[in-house]
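Structure record follows, encoded as structure tokens.
Residues: numbered from 1 along the sequence shown.
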Amino acid sequence: MTSEPIFRRAGRPLDSAPNIVAVVLDDTGFAQLGCFGSDIATPNLDRLAAGGLRYNRFHVTAMCSPSRASFLTGRNHHAIGMGFLADIPLDHHGYTARIPRSAAALPRILRDNGYSTLAVGKWHLTPRFERSAAGPFSHWPLGLGFERYYGFLQGDANHYAPNLVEDNHYVDPPATPEEGYHLTEDLTDRAIRYLDDQRYAAPGKPFFLYFGLGAMHSPHHVTPEWAEPYRGRFDQGWDAWREEIFQRQLEAGVVPPGTTLTPRPDWVPAWDGLSADERRMYTRQQEVFAGFLTHTDAQIGRLLDHLDETGRLDNTIVVVFADNGASAEGGVEGTFNEHRFTSGVRESLRNNLAYYDEWGGPRTYNHYAWGWAWAGNTPFRLWKRYTWLGGTRTPLIVHWPAGIRERGAVRDPIVHVNDLFPTLLDTIGIQAPDVVDGIEQQEIDGASFRATFDDATAPAPRDTQYFELLGSRSLIHGRWKTTTDHISTGVVDEERLLTGSRSFDDDHWALFDLSTDFSEATDVAAEHPEVVAELRRLWDREAERNHVLPLFDTLVDRIGAIIGPAWPAGDDRTFRPGAAAICDESLPMLFGGFRFTAEVEASEAPDGVLLALGDWHGGFALYVTAGRLAFTFSRAGELLEVTADRPVPPGRQALGVAHTAGADGYAFHLLHDDTVVGTVAFDGMLPVALQHGGAGLRLGHDTGLPVSDRYRTPAPWNGRLLSVRVQTPGPARPDLLTDLRAALHAD
């Protein structure tokens, strides 16, 4: 008999092992940070750049979920099932939206090697229909190796009233908009708290903090004191602002001498040709965006100051990058409520001007006009969702005082977001495992560029990288880049205005010599057809190897392959108060008709919310006000309201609303038991998606922003609520274009 110890101690890194902080910005163009040429104030990001390195040929995948998945795994996005958004999981290898166990994520590897692993902010790596209170949680942050998480699972969030998650459960924000709540400030508070908890509990233990901000994704939410300093700063317009940025980029060495500033495309209006009202509105959009960015930078500064004050900044590797280029999803006009685009509603100057004074506040879900996105990607073409450089080349800053001797330099090797994974492991001396939990790990596509920290002449770690997103394709191989002119669907104004190919068979493969053409400005395909042919063969090879195929050329093909819920919501559900908010993905689809029935005991003076989901940007609420039953449905900010023609009597009864949809039109009908007590007719169907950031059905109260000004949250029901029944006609397939638009605008 032996007494051999059986306890296996956890890995312990070297005492000198650095901490890691990854700051992931959303929808941020190459030129929008001060240290990359902008005149928008970003002093804290600028100090990181001044004390570290800027990489001016860093590439991402052109969209959120794929870029974040590539960063966390070191693999190409299709190779790990994230060829598109987590919101549209498909039953094809490259598009499942499920990071496989054969690609263990960075937090898991670091945790196994003795690091604390903390995540705060945007996630967007959990597939649709797995984001409810039932999970499964294998693709939530804790399931992929983080030990703590606080943030939001979807592609965007209302910064005044977000749909928050802590660890593996949904929570309400700690304060209200009236109390001064803002998501970015809350995320920073939580990140600092996590760092303090970790420092006190395990002194000296290194940590990995993933700090994924909702900024700079729409809505561009910021309070007036941040936007007002920019009043009048952009009156010159996007054409002149872009020229100014370009000159600063040249002077700072962010772009090399001889770079060509790509011309303004026809679909971006010339500033000189705009009316006075157009200029006024567009200028305000950029002023608010600038204030939002400066506010975001200030929160990053709070985090950096905390690390400095606690003596940990010097030995912390801070990497800052954006997941894709600036977003043009605001279209030509911009919008006061981006949910309108989900439903294919084109915006108008008149509608936007009505919200001019409230732009960026809780009454808006705002996005700027795409002229500012084009300028924010200076000197490149196009923007997010396209594999032109405007979509794929974003800022990268690496700051590590203890490990980087040269300060403030610009590095120019071509690197990719999947190279960060092996670079960080290489830097801290950890070998990526071949087997995790008995699962053989798939090939890591990225390669370390650690050598460039010390050597400005060190070569790029690899010479080939493919790109594909929504049919837009490109490939870098050595000095060459080939790019298609394929135009995707999903953004109304792009479908209407952008020039290019709408068919894979008709796509033109342009060719650019990146050794002399930094901005992808001059197509030399006609001069080098043999190079184009070779690069197309390489793209086909990479597409086959990484499971890019089949390419989806129609929305029907894409939606037809969607992975539905394992436990469908059904068409007749009854809920009782007491549980957490019910995730919108756990509810039946409502756009084809529904009936809500609340079984209640009403008081002598009934008042309050019976049920509510979403808010005035998109959502619905059944409530009693001034003693009468009322229903409000916000169709992307358009309020459809009906009030009963009689008071609610005291006692036990059924209060409800029915939505009828058919050839004779659309209407809401208020019900006392089975008696119709109010009706409102309206044109057009209800939207499929009410909130880009997701929402929960609340019973007997509301929270955050209300659906209607006729009540103030929390507006608790002052009687007894026994149950709420939700009935629909049965399963229905949503409009395909609408479903895809909802996913695109949520990213």
Run through Glu338, Arg385, His367 and flag the one making a side chain to side chain donor-acceptor pair (under 3.5 Å) with Ser327.
His367
Which of Asp156, Asn337, Thr335 passes side chain to side chain donor-acceptor pair (under 3.5 Å) with Tyr365? Answer is Asp156
Below 4.0 angstrom, N of the basic side chain to O of the carboxylate: do [X] and [Y] qualify?
{"X": "Asp196", "Y": "Arg199", "value": "yes"}
{"X": "Glu185", "Y": "Arg302", "value": "no"}
{"X": "Arg111", "Y": "Glu147", "value": "no"}
{"X": "Arg68", "Y": "Asp26", "value": "yes"}

For [X], all residues meeting side chain to side chain donor-acceptor pair (under 3.5 Å), sequence neighbours excluded:
{"X": "Thr188", "value": "none"}
{"X": "Tyr170", "value": "none"}
{"X": "Arg47", "value": "Asn44, Asp305"}
{"X": "His59", "value": "Arg393"}

Report the residue from Pro459, Pro461, Pro413, Pro422 that forms a side-chain contact (heavy atoms from CB on, under 4.5 Å) with Phe449.
Pro461
Would you name the heavy atoms of [X] and [Y] that are closest together and state the gap between them?
{"X": "Pro174", "Y": "Asp186", "result": "CD-OD2, 3.5 Å"}
{"X": "Ile245", "Y": "Ala375", "result": "CD1-O, 4.1 Å"}
{"X": "Thr259", "Y": "Pro379", "result": "CG2-CG, 4.2 Å"}

Can you measure from [atom1] ([X]) to [atom2] ([Y]) and round to the nearest 0.5 angstrom?
{"X": "Ile20", "Y": "Leu118", "atom1": "CD1", "atom2": "CG", "result": "12.0 Å"}
{"X": "Asn324", "Y": "Leu469", "atom1": "CG", "atom2": "CG", "result": "9.0 Å"}
{"X": "Tyr181", "Y": "Thr184", "atom1": "OH", "atom2": "OG1", "result": "8.5 Å"}
{"X": "Thr117", "Y": "Leu106", "atom1": "OG1", "atom2": "CG", "result": "9.5 Å"}
{"X": "Leu110", "Y": "Ile428", "atom1": "CG", "atom2": "CD1", "result": "5.0 Å"}
{"X": "Ile414", "Y": "Tyr55", "atom1": "CD1", "atom2": "OH", "result": "14.0 Å"}

Set out, in order, the CA-CA distance, both residues' side-chain angles and the distance that settles side-chain contact (heavy atoms from CB on, under 4.5 Å) for His221 and Thr364, then state yes or no.
CA-CA 8 Å; His221 276 161; Thr364 65; 4.3 Å; yes
Between [X] and [Y], do the side chains contain an N or O donor and an N or O acceptor separated by less than 3.5 Å?
{"X": "Asn315", "Y": "Trp400", "value": "yes"}
{"X": "Asn19", "Y": "Thr316", "value": "yes"}
{"X": "Asn418", "Y": "Arg462", "value": "yes"}
{"X": "Asp455", "Y": "Thr457", "value": "yes"}

Is [Y] close to [X] at the side-chain level, that is, under 4.5 Å between some pair of heavy atoms?
{"X": "Val165", "Y": "Trp123", "result": "no"}
{"X": "His692", "Y": "Asp87", "result": "no"}
{"X": "Gln465", "Y": "Asn76", "result": "yes"}
{"X": "Pro173", "Y": "Leu183", "result": "no"}
{"X": "Gln691", "Y": "Asn163", "result": "no"}
{"X": "Leu195", "Y": "Leu307", "result": "yes"}
{"X": "Ser116", "Y": "Tyr194", "result": "no"}
{"X": "Leu85", "Y": "His124", "result": "yes"}

Under the rule for salt bridge (charged side-chain N to carboxylate O under 4.0 Å, His left out), what residues qualify as partners of [X], not counting sequence neighbours?
{"X": "Glu166", "answer": "Arg148, Arg190"}
{"X": "Arg54", "answer": "none"}
{"X": "Asp197", "answer": "none"}
{"X": "Asp615", "answer": "none"}

Any donor-acceptor pair under 3.5 Å linking the side chain of Gln299 with the backbone of His295?
yes
Take Trp241 and Ser38 through the test side-chain contact (heavy atoms from CB on, under 4.5 Å) and record every step on the way to the result.
CA-CA 9 Å; Trp241 189 63; Ser38 174; 3.9 Å; yes
Taking the inter-plane angle between the rings of [X] and [Y] on a 0 to 90° scale, is it parallel (under 30°), tilted (30 to 60°) or perpendicular (over 60°)?
{"X": "Phe292", "Y": "His220", "result": "tilted"}
{"X": "Tyr282", "Y": "Trp271", "result": "tilted"}
{"X": "Tyr160", "Y": "His182", "result": "perpendicular"}
{"X": "Tyr230", "Y": "Phe234", "result": "parallel"}
{"X": "His617", "Y": "His339", "result": "parallel"}

Check the pair Arg381, Glu520 against salt bridge (charged side-chain N to carboxylate O under 4.0 Å, His left out), reporting the backbone distance first and the verdict last.
CA-CA 8 Å; Arg381 303 174 192 241; Glu520 197 178 26; 5.7 Å; no
For Thr262 and Arg242, what are the C-alpha separation, side-chain angles and deciding distance, and is it a side-chain hydrogen bond (donor to acceptor under 3.5 Å, both in side chains)?
CA-CA 10 Å; Thr262 56; Arg242 191 166 182 263; 2.9 Å; yes
Just checking Phe380 against Phe518, ring centres under 6.0 Å apart?
yes
Is the distance from the ring center of Phe71 to that of Phe321 below 6.0 Å?
yes
If the condition is ring pair (Phe, Tyr, Trp, His ring centres under 6.0 Å), which residues does [X] pass it with, not counting sequence neighbours?
{"X": "Tyr149", "value": "none"}
{"X": "His139", "value": "none"}
{"X": "Tyr115", "value": "none"}

Output side-chain donor-acceptor pairs under 3.5 Å for residues 250-257, partner residues at least two apart or in another chain, one line each.
none

